[in-house]
Amino acid sequence: MLLVACPCPSINAAALAAPLSNQFRVAVYIPVGVVERMKDPAYLQTSWDEISSQVHVDKVYIESYRSGTLADGALLETVKAFFIARGVQVAGGIAYAAGGDMAGFENSQGTDGQFISFCYTDPKERATT
């Protein structure tokens, strides 16, 4: 529930928008599993509506790779354009992780969000990099 206290006798829709802050900036990191779900434009819009109604987002980091999952280039461009059109700065992110780190994926139960790094001394893992 959002409570708004205002000494004004009336509140317009703009007054209910997420507040801007000159004390801090907000950056959001979007794991590739979430990026994949953003193929659905309704999911992308609903997710944005939910977070942007609560806080002003200054920048998003769109993850393109994690645990062997590489996002489609066209999808990355679509998601990037979505945020740019809303005045949000965009940057990329990569989780250079070995398999098992499934943060952001719907089936991430059991992984408890642990980052599993590559073992660079293991020739088999090094071959995938």
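A quick note: this is a predicted structure, and the numbers were derived from the prediction, not measured.
The side chain to side chain donor-acceptor pair (under 3.5 Å) test applied to Lys39 returns Glu36, not counting sequence neighbours. Not counting sequence neighbours, Gln89 has no partner by the side chain to side chain donor-acceptor pair (under 3.5 Å) test.
Using a 4.5 Å heavy-atom threshold, the side chains of Val88 and Trp48 count as touching. In this structure the side chain of Val34 reaches within 4.5 angstrom of the side chain of Tyr43, judged on heavy atoms. Side-chain contact between Tyr61 and Lys59 is present, with heavy atoms from C-beta onward closer than 4.5 Å.
Of the possible donor and acceptor atoms, one in the side chain of Asp58 sits under 3.5 Å from a partner among the backbone N and O of Val26.
Phe83 is not connected to Tyr29 by any chain of hydrophobic side-chain contacts under 4.5 Å among Ile, Leu, Val, Met, Phe, Trp and Tyr, and they are in different clusters. Taken together through direct or relayed side-chain contacts under 4.5 Å among Ile, Leu, Val, Met, Phe, Trp and Tyr, Ile51 and Ile84 form part of one hydrophobic cluster.
The two residues Ile94 and Ser64 have their closest heavy-atom pair at CG1-OG, 3.7 Å.
Rounding to the nearest 0.5 Å places CG of Leu44 at 8.0 Å from CD1 of Ile30. Separating the CZ atom in Arg37 from the OG1 atom in Thr46 is a distance of 12.5 Å, to the nearest 0.5 Å. Atoms CD and CD, on Gln45 and Glu50 in that order, are 12.5 Å from each other to the nearest 0.5 Å.
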Under 3.5 Å, sequence neighbours excluded: what are the donor-acceptor pairs made by side chains of residues 73-81?
unit_1	atom_1	unit_2	atom_2	d
Thr78	OG1	Ala74	O	3.0

